[in-house]
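Read the numbers this way: they start at 1 and go in the same order the structure lists the ligands and their atoms. Computed over heavy atoms, backbone and side chain alike; hydrogens, waters and symmetry mates excluded.
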Amino acid sequence: MSNRTVITFGTFDVLHVGHVRVLKRAAALGDRLVVGVSADALNLKKKNRAPVFTQDERMEIVGALAVVDEVFVEESLELKRDYIEKYAADVLVMGDDWKGKFDFVSDLCEVVYLPRTPSVSTTGLIEHIAGSA
Ligand code: C2G
């Protein structure tokens, strides 16, 4: 009985099918899925805007998904190796907008990039909603 742990990271703001699909596909690659949810401060750095939902709300939403076994706060993009070791992850999964960016951890775990779900993004959703307001 293998006990394969998958780890992935993201902001997961205003959760949509693109997020759900990558999480489902990540979960299918192992027995346990651990998700690092970006801290509010990290999101500000990555996306130059505060998330719509706070990190606690985003943790609660992602943590409620059946395919997610554990969530933690991702404080920095630079701590990937620490998080992989802390959770003893066997594989890191990311959408392919990050293709190649995490190959530097391939001595610790497998690295898998999955195709993004086209034509949906939180930013796009916000603009769509704002436009119809
Ligand atoms: N994603 C996807 N399809 C979309 C949108 C997002 O497959 N239409 C994937 C992304 O590729 C990523 C995950 O969903 O793997 C989370 O996306 P974001 O919340 O935008 O996270 P991101 O800003 O990419 O943060 O340490 C890595 C970063 O924290 C990742």
Nearest non-hydrogen protein atom, [atom]:
atom	answer
atom 13 (C) of ligand 1	Val22 CG1, 3.9 Å
atom 22 (P) of ligand 1	Lys46 NZ, 3.7 Å
atom 17 (O) of ligand 1	His19 CD2, 3.8 Å
atom 1 (N) of ligand 1	Arg116 NH1, 3.9 Å
atom 2 (C) of ligand 1	Gly18 O, 3.7 Å
atom 24 (O) of ligand 1	Trp98 NE1, 2.8 Å
atom 3 (N) of ligand 1	Thr117 N, 3.1 Å
atom 15 (O) of ligand 1	Gly95 N, 2.9 Å

Nearest candidate to atom 16 (C) of ligand 1, where distance is taken over non-hydrogen atoms, out of Tyr83, Phe102, Phe12:
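Among Tyr83, Phe102, Phe12, the closest heavy atom to atom 16 (C) of ligand 1 belongs to Phe12.
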
For [X] and [Y], indicate whether the former's side chain and the latter's backbone hold a donor-acceptor pair under 3.5 Å.
X	Y	result
Asp90	Thr5	yes
Arg58	Ser38	yes
Asp96	Arg116	yes

Verify the distance criterion only: is there a donor paired with an acceptor across the side chains of [X] and [Y] at less than 3.5 Å?
X	Y	value
Asp103	Tyr113	yes
Asp13	Thr122	no
Thr123	Arg49	yes

Record the part of Leu77 in heavy-atom contact with ligand 1 below 4.0 Å; permitted values are side chain, backbone, both and neither.
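Near ligand 1, Leu77 shows its side chain, while the N, CA, C and O stay back.
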
Ion pair check, Arg81 and Asp107, cut-off under 4.0 Å:
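Answer for the salt bridge query: yes.
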
[X] to ligand 1: N or O pair under 3.5 Å?
X	answer
Thr8	no
Thr11	yes
Asp97	yes

Judged by non-hydrogen atoms, does Ser38 sit under 4.0 Å from ligand 1?
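Flag set, Ser38 near ligand 1.
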
Between ligand 1 and Lys47, can you find any atom pair, the residue atom being a heavy atom, that is separated by under 4.0 Å?
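It does; at least one heavy atom falls under 4.0 Å.
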
What class does the angle between the rings of Tyr83 and Phe9 fall in, given that below 30° is parallel, 30 to 60° is tilted and above 60° is perpendicular?
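Tilted: the ring planes of Tyr83 and Phe9 meet at 30° to 60°.
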
Need the ligand 1 atom indices (1-based, order shown) with element for anything under 4.0 Å from a heavy-atom of Lys80.
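Ligand 1 atoms under the 4.0 Å threshold to Lys80: 26 (O), 27 (C).
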
If you count heavy atoms of other groups shown closer than 6.0 angstrom to NZ of Lys99, is the number above 12?
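Counting other residues, nucleotides and ligands, NZ of Lys99 stays at 12 neighbours or fewer.
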
Neighbour count >12 (heavy atoms, 6.0 Å) for atom CD, Glu60:
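Incorrect, the count does not exceed 12.
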
